[in-house]
Amino acid sequence: MRPIDTAHRGGSARRTPRVFAAAALAAVLTLTASACGPEEDGAIGEPSSSTGQSSDGKVAIPDDLKDRLKEHGIDLDEWRGGEWKNWDKDTWLREAKDYVNPIIEDLWDPDRMRDAEKPPENPVDPDISGDEGVTDPTPAPVDAENLQTPYHDSAPASGKLLFDGPEGSMVCSATVVKDPAHPGKSNMVWTAGHCVHAGKNGGWYRNIAFVPSYNDSGMSTAELQNASKDEIAPYGVWWGQWAQTSEQWIDQGAATGGQGAPYDFAVLQVAPEKGSTGKSLEETVGSALPVEFNAPAVPEIDSMTATGYPAAPPFDGQKALQCTDQPGRLAVFEQQPTMYRIGCTMTGGSSGGGWVAKGQDGKPALVSNTSIGPVTAGWLAGPRLGKEAKGIYEAVSKKYAGQ
């Protein structure tokens, strides 16, 4: 299937109330986000006749529009405060065109970053049979090792992903990747689909932000209690201004059982929370990984290294860890791509973290991301990146090619 195309998804001439609400909200919040943050060239023009500017410099939203949004379960004032309290099937923003993630400056303060420890659910049976397709024997557990500090020296492209879901603040992991449209100046981040979108029974998460080299010095939980934002996020907080995941994940993805897992990947375009400094994310952290969409066959790969911030017990999400193992194959469902599988004791929260191996050119490249694993830990599996992943990657790059 083709990657999500914002110009063609949901193109009915007659809009349902929910789609109207999402479209109206997207327009309002795009304007609000631009006006509330530092301006960039071409970010926003003069306020329209229907939307004025209040004395505090923020865009004033007409009361009648607020009321219309509330009729559909969307309270703009709750969004501005960083949350929506009423999440249900009618208030999820689901389709690609619905994605909105306005920057709320300092929403992710030190306390909120530290306290976000709940990973999104995505466990599977530890003895998953994998009797369809090719499945290698279950790998022996590989103990996750602490990433050497400072993390920026060991894995400068890695970081932590923060976002809000119906049950509160949650965490995943992510990786800075190269952008074909902006060589050396990428603002693209790779993660798992279930870290940005809840799948078939939900929609886009909110307040999605990436923190490269989170807790760079590896401070303990006690030390983090008094840490400054600069210590926790030394390379800043980068908000997801656009995200795409696979149609398969949106249509099939589920919280448990591995549904949609072979297509569980996503790409973000990010922007700095404090406004442009003239440097891209890649320039800021000094690194971005190439993405390999045609990795060597599994028997030809000596090892893969997965990096992430595991948050489910026995971990607390505050430190980066790694596992290195020779990969095997896992076939979860009939007529779906075979996944990579490695031994690893990392738990939930490591989802979305990059898997690095030698690409076809022999150089390190991102070849997968953590998608599923048993609750009891022991192994992880990640999707093989093929044409669907490449299509999403290129679409996100192309969307910002002229900016």
Side-chain angles (χ1 to χ4, degrees), residues 82-85 87 101 104 106-123 143-147 149 151 155 158-175 189 191-198 202 205-229 231-235 237-240 255-256 266 268 273 306-323 344-354 369-378 380:
E83 63 176 328
W84 280 347
K85 297 177 181 177
W87 285 47
N101 195 52
I104 302 174
D106 293 324
L107 172 67
W108 292 109
D109 60 21
D111 289 341
R112 205 162 187 269
M113 283 194 282
R114 184 191 64 244
D115 294 342
E117 296 180 0
K118 177 179 172 57
E121 293 184 1
N122 203 29
D143 289 335
E145 297 183 353
N146 286 315
L147 188 64
T149 57
Y151 299 153
S158 296
K160 190 171 183 177
L161 198 71
L162 306 166
F163 52 100
D164 285 324
E167 298 179 3
S169 299
M170 296 194 287
V171 294
C172 273
S173 304
T175 308
V189 172
T191 190
H194 77 266
C195 296
V196 298
H197 193 287
Y205 291 118
R206 297 162 188 159
N207 304 324
I208 301 171
F210 174 65
V211 183
S213 296
Y214 173 88
N215 187 21
D216 193 36
S217 62
M219 288 181 284
S220 67
T221 302
E223 292 171 326
L224 285 169
Q225 295 289 333
N226 298 312
S228 68
K229 188 170 183 177
E231 290 175 311
I232 295 176
Y235 298 92
V237 176
W238 297 72
W239 285 69
T256 59
L268 293 160
E273 179 177 85
T307 303
Y309 284 82
F315 307 104
D316 63 5
Q318 305 306 323
K319 294 184 178 182
L321 289 92
Q322 283 187 334
C323 290
C344 185
T345 60
M346 285 198 291
T347 59
S350 62
S351 288
N369 57 264
T370 298
S371 172
I372 56 174
V375 174
T376 54
L380 300 174

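Residue numbers count from 1 along this sequence.
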Closest contact, heavy atoms only, [X] versus [Y]:
X	Y	answer
D164	W108	OD1-CH2, 3.8 Å
L107	E273	N-OE2, 4.5 Å
A144	T345	N-OG1, 2.9 Å
V237	A209	CG1-CB, 3.8 Å
A155	L147	CB-CD2, 3.9 Å
K319	G218	CE-O, 3.5 Å

Would a distance-only check, ignoring hydrogens and angles, find a side-chain to backbone donor-acceptor pair under 3.5 Å from [X] to [Y]?
X	Y	value
S351	C172	no
D109	R112	yes
N101	N207	yes
T149	D216	no
S173	G308	no
Y309	Y214	yes
K160	G317	yes

Does Y235 have any ring-ring contact (aromatic ring centres under 6.0 Å, His included) partners at least two apart in sequence or in another chain, and if so, which?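 Checked Y235 against ring-ring contact (aromatic ring centres under 6.0 Å, His included); matches are H152.
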Identify, with sequence neighbours excluded, every residue that meets ring-ring contact (aromatic ring centres under 6.0 Å, His included) alongside F163.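 F163 satisfies ring-ring contact (aromatic ring centres under 6.0 Å, His included) with Y205 once adjacent residues are dropped.
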Are side-chain heavy atoms of [X] and [Y] found at a separation under 4.5 Å?
X	Y	value
S158	Y151	no
Q318	M219	no
L321	P310	yes
L162	V211	yes
L161	I208	yes

Crowding at CD, Q225 (>12 non-hydrogen neighbours, <6.0 Å):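 It does: Q225 CD has more than 12 such atoms within range.
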Hey, what do you get for [atom1] ([X]) to [atom2] ([Y]), rounding to the nearest 0.5 Å?
X	Y	atom1	atom2	answer
T307	M346	OG1	CE	6.5 Å
M113	S169	CE	OG	11.5 Å
T347	L380	OG1	CG	9.0 Å

S217: what forms a side-chain hydrogen bond (donor to acceptor under 3.5 Å, both in side chains) with it, not counting sequence neighbours?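 Once residues adjacent in sequence are excluded, S217 has no partner under the side-chain hydrogen bond (donor to acceptor under 3.5 Å, both in side chains) criterion.
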Using a strict cut-off of less than 4.0 Å between a Lys/Arg side-chain nitrogen and an Asp/Glu carboxylate oxygen, indicate whether R114 and D111 qualify as a salt bridge.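 Salt bridge flag = yes for D111 with R114.
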Using the side chain to side chain contact (heavy atoms under 4.5 Å, CB included) rule, take T175 and N369 through it: C-alpha gap first, then chi angles, then the decisive distance, then the call. CA-CA 9 Å; T175 308; N369 57 264; over 6 Å; no
Out of I232, D115, D316, which residue meets the side-chain contact (heavy atoms from CB on, under 4.5 Å) rule with L224?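 Result: among I232, D115, D316, I232 is the only option passing the side-chain contact (heavy atoms from CB on, under 4.5 Å) with L224.
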